[in-house]
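These notes concern the structure reproduced below.
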There are 2 protein chains.
Amino acid sequence: MANIKDVAKKAGVSVTTVSRTMNNRGYISKDTRKKIEEAIKELDYQPNQIARALFKKHSYVLGVIVPDLSHPFFAELINFIEAFASDRNYKILVCNSLQDAEKEKEYLDMLRQHRADGLIMCSHSLNVDAYRKVQMPIVSFDRIISSSIPYVASDNYRGGVMATKHLINKNCHRLLHISGPLTSDLLANRRADAFRETCAKFGIDYKIIEGAYVKATFEDNWNFIKNEVAPHLREFDGVFCSNDIIAYTLYVFASKAKIRIPEQLKIVGYDYHNFTRMLKYPILTTIKQPIDQIGKKLCALLIDQIENVSADNYVFDVQLIEGETT
Amino acid sequence: MANIKDVAKKAGVSVTTVSRTMNNRGYISKDTRKKIEEAIKELDYQPNQIARALFKKHSYVLGVIVPDLSHPFFAELINFIEAFASDRNYKILVCNSLQDAEKEKEYLDMLRQHRADGLIMCSHSLNVDAYRKVQMPIVSFDRIISSSIPYVASDNYRGGVMATKHLINKNCHRLLHISGPLTSDLLANRRADAFRETCAKFGIDYKIIEGAYVKATFEDNWNFIKNEVAPHLREFDGVFCSNDIIAYTLYVFASKAKIRIPEQLKIVGYDYHNFTRMLKYPILTTIKQPIDQIGKKLCALLIDQIENVSADNYVFDVQLIEGETT
DNA sequence: CAGCTCGCTGAAAACGATTTAAAATCGCAG
DNA sequence: CTGCGATTTTAAATCGTTTTCAGCGAGCTG
């Protein structure tokens, strides 16, 4: 593959001049510029970004760590992250932590070794100290890592209130919330807070069952519902699920158990990702997170930090999508 | 961030010695090795992979270009690709072509500039010449690019035969196939070949409607079915769809049109990705591609090429998953 | 005409690693 | 004490860029 020296030789100038031409720095005569551009085209010269990155200490690579690449939420999120990063000339190195702390630590080191310019953390298997040590601009999705690391999230509390109030408005009297794991610094847990407080405020009986963070397969979710949720299910007439996959699984489970939905049991989910939008039996009632805007904001905040603009937290508004399950 | 010189200084040796220690090359006394390892730990030294890559001309980065990152098939495929690449110490740079030829060309150049070690092509917006020029090891999913570029695919022909025969066995007499775009070198089109030939062999009336490659949203698919398929739909009692998303959309469409499935119309899909596995209303009858094995093989063939092992094409067996739609 | 600025160009020093080739050290036999 | 192979270490070149600094005419000013 041709390098800058080959171009210089072919154009009959020095490498400095070639470099300056490509980067539009300083004075270059029309004449030499033309010669150089011809040489570049003729040799199909592709500037070596590795050499560039070495000198400039700027790789234009962003690391993205997610718990599960094939989960519809993260697939969609990465889709948008990639698009916005690409617009600003950044590339993304995706890492699949599988929620394994060991693997996540390895990825962190790997990204440091590759001198990624920044890091988007969507997986949260390690304690906050591990991320603070990374010495790289970071943004976090849905978790408060430290005051100097901006986070992006949907307005989980408001979403929780909306979901709960919706169930109450639909005449539910005994409510269940299936949450994610209630680790203190995960912002998704504001949904449970909102649920609890809203039920209290309206004097509604409630219960919270703590689930796992990301359950990948239908069977995982099914077993969870069968073992943890089913024994209590008939005590409730409304369930707020912390994600759409579990909401759908619950719908399937309840249907098979001859519980009529929405008449006997109403279900609200959370996310409204591709899977939910595709789904028509049932059309889930759910709280929509603006995944596109979240992706864009994560990117923007990170690149702002990298390029020395100050960055701040960002919380997005959510929206109730009323379907057929409530 | 500490570099190799800092380590050398701290350990009181030369950089050469540090380098040799890390790479286990040549003689190093127990004593100096220990001193160096201590210095590395103390400084939290992370070797600069960019500098390494520059010298070794080996970046350990693989480019992966897909048409749509958030499509369940590709999300799952990338999931596996990442896992296997990571096992062999490679990283992946994901690119979302959106099936835009211009964008795909840009990504190709970008990956060349970043000196990716190889390329996994799952998007096929350009003519084959564009890929031949890339001068980088490539593997292709589901497309024959040239005899020197290995491809990986499921046994599309056999899948097509299985699907068609299954419909015939279920007593269908007039069959429809909704294909992807019938570009000659896409291996997915063997499904249509198989459909055509199997129908002919059994003396069955058939028709093929050509669809788009990847339709992202339910609405896109819905409109396609409404406009292109619906006018003919009642002529048929069995449909073989070239992917599960279109199969599901057709199911929804037909149900709303009061066509009873499977009694009046039987539907077979293709893929069996996460979306399909999650889906319970209906449980689709479909042809399963082994996405995990495809991902693994793509990776393995590419890395073999990079590391100078010869590589060959690979076609995976498929499997009929019988659901409730036939 | 000395001195300055403009416009243009190039040589050389980085960036942080690896590798080659050569030098230093050691132990030990002659 | 010398010579020599076996160890162990190092200086210097290299990878492909960018940047700093300096040089050199030409034209202008005073």
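A note on names: the letters A, B, ... follow the listed sequences, proteins ahead of strands, and every chain is numbered from 1. Computed over heavy atoms, backbone and side chain alike; hydrogens, waters and symmetry mates excluded.
- In this structure, the NE2 atom of B/His114 is 13 Å from the P atom of D/dT17, given to the nearest Å.
- Between A/Asp44 and B/Arg112 there is a salt bridge, since at least one side-chain N of the basic residue sits less than 4.0 Å from a carboxylate O of the acidic one.
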### Task
Apply side-chain hydrogen bond (donor to acceptor under 3.5 Å, both in side chains) to the pair A/Glu76 and B/Ser70, showing each step before the final yes or no.
CA-CA 5 Å; A/Glu76 200 172 337; B/Ser70 67; over 6 Å; no
#### Entry: Base versus backbone protein contacts along nucleotides 15-20 of chain C [heavy-atom cut-off under 4.0 Å; B, S, -]
BBBBBB
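- For the pair A/Arg88 and A/Asp304, the salt-bridge criterion is met [side-chain N within less than 4.0 Å of a carboxylate O].
- Contact check, B/Thr17 against D/dT10: a side-chain N or O comes under 4.0 Å of OP1 or OP2.
- Each end of the helix from C/dC1-D/dG30 to C/dG30-D/dC1 yields a helix axis from five base pairs, and these two axes differ in direction by 80° (to the nearest 10 degrees).
- Interatomic distance, CG of A/Leu119 versus CD of A/Gln305, reported as 10.0 Å (0.5 Å rounding).
- Using a 4.0 Å cut-off, no side-chain N or O of A/Ser14 falls inside it from OP1 or OP2 of C/dA11.
- B/His58 and B/Tyr60 have parallel rings, their planes meeting at less than 30° on a 0 to 90° scale where 60° marks the start of perpendicular.
- Taking the charged nitrogens against the carboxylate oxygens, B/Arg33 and B/Glu37 do have a contact shorter than 4.0 Å, which makes a salt bridge.
- Using a cut-off of 4.0 Å between Lys/Arg side-chain N and Asp/Glu carboxylate O, B/Asp129 and B/Arg132 are scored as salt-bridged.
- Taking atom NZ on A/Lys34 and atom P on C/dC8, their separation rounds to 16 Å, with Å as the unit.
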Between the protein and nucleotides 3-6 of chain C, list every N/O to N/O distance that falls short of 3.5 Å.
none

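- Rounded to an integer number of Å, the gap from A/Ile40 CD1 to D/dT17 P is 10 Å.
- Side chains of A/Thr16 and A/Ser19: a donor-acceptor N/O pair is absent below 3.5 angstrom, by distance only.
- Atom pair A/Asp31:CG and C/dT9:P shows a separation of 8 Å (rounding to whole Å applied).
- In this pair, B/Tyr314 and B/Phe316 present their aromatic rings tilted. The plane angle is within the 30 to 60° band.
- A side-chain contact (heavy atoms from CB on, under 4.5 Å) with B/Leu108 holds for exactly one of B/Lys133, B/Lys103, B/Met121; it is B/Met121.
- A donor-acceptor contact closer than 3.5 angstrom links the side chains of B/Ser29 and B/Thr32.
- In the set D/dA11, C/dC8, D/dT8, the nucleotide with an atom closest to the side chain of A/Ser29 is C/dC8.
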